Every structure is written in C-alpha cells, then in structure tokens.
Enquirer: 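The structure that follows is given in the form of structure tokens.
Remember, it's 1-based here, ligands and their atoms both numbered in the order they're listed. It should be emphasised that the depicted structure is a prediction, and the values quoted were computed from it without experimental measurement. We're numbering straight along the sequence, starting at 1.
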Amino acid sequence: MQFDNRYATLSSKLFHRQSINSLPDVQGGHFNPVLAQQLQWSVAEQDDWINIINGNTQLKGSDPLAMVYAGHQFGQWAGQLGDGRGLLLGQIRDVSGKLIDLHIKGAGLTPYSRMGDGRAVLRSVIREYLAGHALQHLHVPSSNAIGFVYSHALQIQREHKEPAAMLLRTSDCHIRLGHFEWINQYQPELLTEFTTHCIQNYYPQCLQHAEPVLAFAGQVIDRTAYMIAQWQLTGFAHGVMNTDNFNITGSTLDFGPYGFMERFRPNWINNHSDGQGRYTYQNQPSIAHWNLWIWLNNLIPLAKSEQKEAFKQELAKQLEQYEQNFLHYYSSGLCKKMGLPVDNEQSFQCGLQFLKILQAEQLDYTTSFRQLSSHQYTAIRDQCLDIRTFDDFLTTYHQLRENQQQSILDMDMQQHNPIYILRNHMAQRAIERAEQGDLSEVDRLFKLLSQPYTKQADLEITEDLAPLSNDVPDVMVSCSS
Ligand code: AMP
Ligand code: MG
C-alpha cells in the first residue's frame, strides 16, 4: 500500500494530528479482501488487518489526523463540527491510480468531539459496513469499508451499553460541503488555497476551463445530482442529509439512520429523530439542492469585489442545472428499471404510473420491480386491490414495449433491478447475532449483497426477500451510533 497524503499538505489549521486510541481485547469483525486487493494491500498487510484497524500496527506512510469542518444540520447552522471520532489515516492509490481516503471511525476523542465520547458502537459499525458494501454493488457512488473490529471489554453508553467497534472505511473523498462553511466562518483567508486543492485533486479537468471555480461548482452539482438519482432509484433513504455529511465528489458518506425502501412509501421517515420529516425519501432531491445552494454561497468570496454580482449569477445558473441533471439521471434509470426505451417521455410517465400503483397498494419496491423484470405480472396483480388501474397500466406498458428489442430491454432490467437489498430487519438480525459473538450472519449478508442481481438460492433465506409482515412493527432506527 502506497500512501500519497494530499490533505496533510494543507494548512495545519484544517486538522489535528493524532493517533488511533486502540480498543482493549480487540476481536476481528469482518474483512473485505477484494477491496483490500483493489487498494493494493500486501499479503502481510491483509494478514494483519485486525492490528491495522485497531491501530496496533501503524501503516508506514500513514499520517492520522482529525479534520475540522462545520455544517448545517436539519436546516440550521451548527457551527464548528469535525471528526469527533474519526481519523483520516491518509490517502492511497487504488489499482487504477485513483486517490482513495482511508478513514477510521470510532478511534477515540479528538479536539472536535464536543460532548461525544469519540467512539462508535458495534451496531452502527455493522450497519455502515453492510450499507457501504451494498451500495457499492448496486452501483451507487458510496464510501465502503475494508473491515471492522470490536471489543466487549469496552462498553459504550447509548440507549444502553453496547460493545465498542472501529471501522476502516474508504471513500474517494472526505472533504465535505461543510469544510467550505468552516473556512468562511473561521479562517476565510484559506478559501483560495483550499478550493484550488479541491480542484487539483478531484476535478483537475476544470483547470482547463476559463473559469475553473464555476466549472468545479458545475461538476459538484452534477455528481450530487447523479448520486441522488441513484439513491431514489435504489430506494435508499440516507436519513441525515446535513451539509457536513455531503462530500464534494457526490459519493454517499456517513451512514446513520439510513434505510432501504421496502413497501413504497415516499414520505417514509426512516430516522426516528427526524420528527419534521425533513429527510424523507421524497424530499431527498430538493434537500440536496438546498445543500448545494448553501455550499455555493461559500464560493462567492472567491470573486473579486467588482465581479461578485456577475459571479453570483453564474453560480445560480450552475445550480439551475441540478434539476435538469437529476431528472435526466433519474428518468433514464427509471426507464431501464421498467424495461422501456430511455429518453422517452411516455416511458417515464409509465414508470411513474407503476410507482403510483406501488404506493397505493403498499407493495414492496424491490420485489415488485424484480417481478416486473421477470414478467411475473400476475404476481403483482394478485396483490392489488385496484385491479383496473393495474390492468390499465399493463396495457400501456405492453404498448410501449411493442416493436422494441425486448430481449435487450429485459437484459437492462435484470441489471437494474436487484433481488437483494439490505432491509432493516436483515441488518438487525446480523447485529443481534454479532452482539452474541456470532458473526456468521454478517458474513452471509456480505456475500449475498456482493451479488445483488443474482439469485443465490444456497445463501438466501425467505426473510431477505420481503418486508416484515404488517403485524410486526418496523425496526426502530435511532440517530445514536
Ligand atoms: P454524524 O451525525 O454522525 O454525521 O455526526 C455529526 C458530528 O458529531 C460529527 O462532527 C461527528 O464527528 C460528531 N460525532 C458523532 N458521534 C460522536 C461521538 N460518539 N463522539 C464524538 N463526536 C461524535
Ligand atoms: Mg457526519
């Protein structure tokens, strides 16, 4: 593994160097060897993964540091935040030469811990580990993780005492929208250097542009629109879309009370701490737009004073692209899920018609799309109360597929409609077993979610394929982690 630490070259006002505070009596939780190989870990490093994650073996070339940032949380300015329990170990190159951050979560107190204890619990670490892995294989841009360790010897107080754990996560970037907010509020003289760093390292193509900052803004907006479209198509609800949880590369970061949609309820609140429903599934596209608007305001000081007004208007123009880009990604993804021709308004409307049926009939989002892609129309119809609406939909649907190369559309459908997603009750079962010392369910889900589009009869259990029945209460997901 070769380190190429870029962040640590920035002003030391932006971080605090410190090392991992190891867990006592540490145990290995799970390890992702495929990812480790992609990141060019040597065999010796792979064999030593438990000590590496626990900080007992310090990786040569790593330079652990906690980043400071700020953010808007639930729509309100939250002031200074930062890695309160995480450390950026450094940056390495994957096999393709791409820069990847290695970040430890749950590594102990930092100067940015505020009232927190610097730790993460086994429950939340398993949830993050499996979700990052699931999204990766569903082709949703996301952080991922190499592995996690845990300790029964260190119990952490949340709603009750829980085992401590540490996760070694990877992301193409940990620079958050909130980094810019912190700089403008507390160290505005760093803004130019910091923005240049972001462009050089993450969007070097923008340097060729006459206005690199505007091009950079446009790229961040586009990447975010793409990520949100993929969330909506997958049925993923992030739960805490604060500006400190959004990065500048548009990849999913910071899993808390997230959820994958089961019965299709667009106004579903997965996060029980989100009483107002700010971060419901259906609000995600507009909240991301709001986050980007907050962020763009932090670029305005980069313009010379006489050009500020014109620059503001240019930034606003960039933001106007968000909706268009989002709709482009979302509608083409929905058409593929439907097995209908893309870039076609009728196909898109037919997709929306199908979603309305799923919503009205409270059908399972993932299973219904999969049934559609295997032409199991009666399986869906049999669950509908309003059969006439379903039949009308099906007539339109067949008309739109007539005279098309159906085998190609069907192939697209199979590749865009997973069989397996990470339902809350699946994660919950894996957590409960792990807390009893049995990691086999984590391992089973890890394997299952590695191939979400392929039937794995030998691995799956019936519960993986459906929501809990209506008489079983939803798994409660709290913000505590
Ligand atoms: P999150 O909601 O997990 O994105 O966290 C929001 C902020 O609180 C970030 O600055 C975190 O580093 C910090 N934080 C969350 N949990 C803890 C904890 N247990 N100890 C210290 N800081 C924490
Ligand atoms: Mg966070």
Enquirer: Quick check: of its N, O or S atoms, which one does D254 have closest to the Mg ion (ligand 2)?
Expert: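 For D254, the N/O/S atom sitting closest to the Mg ion (ligand 2) is OD2.
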Enquirer: Please tell me whether F446 and H133 form a close aromatic pair, meaning their ring centres lie under 6.0 Å apart.
Expert: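 Yes: the rings meet the under 6.0 Å criterion.
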Enquirer: Taking NZ, NE, NH1 and NH2 as the nitrogens, is one of them in D101 or R6 under 4.0 Å from a carboxylate oxygen of the other?
Expert: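 No salt bridge links D101 with R6.
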Enquirer: Before we go on, tell me: are the rings of W295 and F216 under 6.0 Å apart, centre to centre?
Expert: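 Here the rings of F216 and W295 have centres that are less than 6.0 Å from each other.
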Enquirer: With a 4.0 Å cut-off, would you call K317 and E320 a salt bridge?
Expert: no
Enquirer: Do R127's NZ or CZ and the ring of F255 fall within the cation-pi criteria of under 6.0 Å and 45°?
Expert: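 That pair does not qualify as a cation-pi contact.
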Enquirer: Quick one, H152 with D25, criterion side-chain contact (heavy atoms from CB on, under 4.5 Å). Give me CA distance, side-chain angles, the key distance, then yes/no.
Expert: CA-CA 8 Å; H152 281 284; D25 283 333; over 6 Å; no
Enquirer: Using a strict threshold of under 4.0 Å (side-chain N to carboxylate O), is an ion pair present between R444 and D464?
Expert: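 A salt bridge is present here (some side-chain N lies under 4.0 Å from a carboxylate O).
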Enquirer: List ligand 1's nitrogen or oxygen atoms that come under 3.5 Å of a protein nitrogen or oxygen, with the partner atom and distance.
Expert:
residue	atom	partner	partner atom	Å
ligand 1	4 (O)	N245	OD1	2.9
ligand 1	4 (O)	N245	ND2	3.4
ligand 1	8 (O)	R114	NH2	3.1
ligand 1	10 (O)	G82	N	3.4
ligand 1	10 (O)	G82	O	2.5
ligand 1	12 (O)	G82	O	2.9
ligand 1	12 (O)	G84	N	2.8
ligand 1	16 (N)	R85	NE	3.2
ligand 1	19 (N)	D117	OD1	3.0
ligand 1	19 (N)	R119	O	3.2
ligand 1	19 (N)	R158	NH2	3.4
ligand 1	20 (N)	D117	N	3.2
ligand 1	20 (N)	G118	N	2.9

Enquirer: Could you tell me whether the Mg ion (ligand 2) has an N, O or S atom of N242 under 2.8 Å away?
Expert: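 It does not; every qualifying atom lies at 2.8 Å or beyond.
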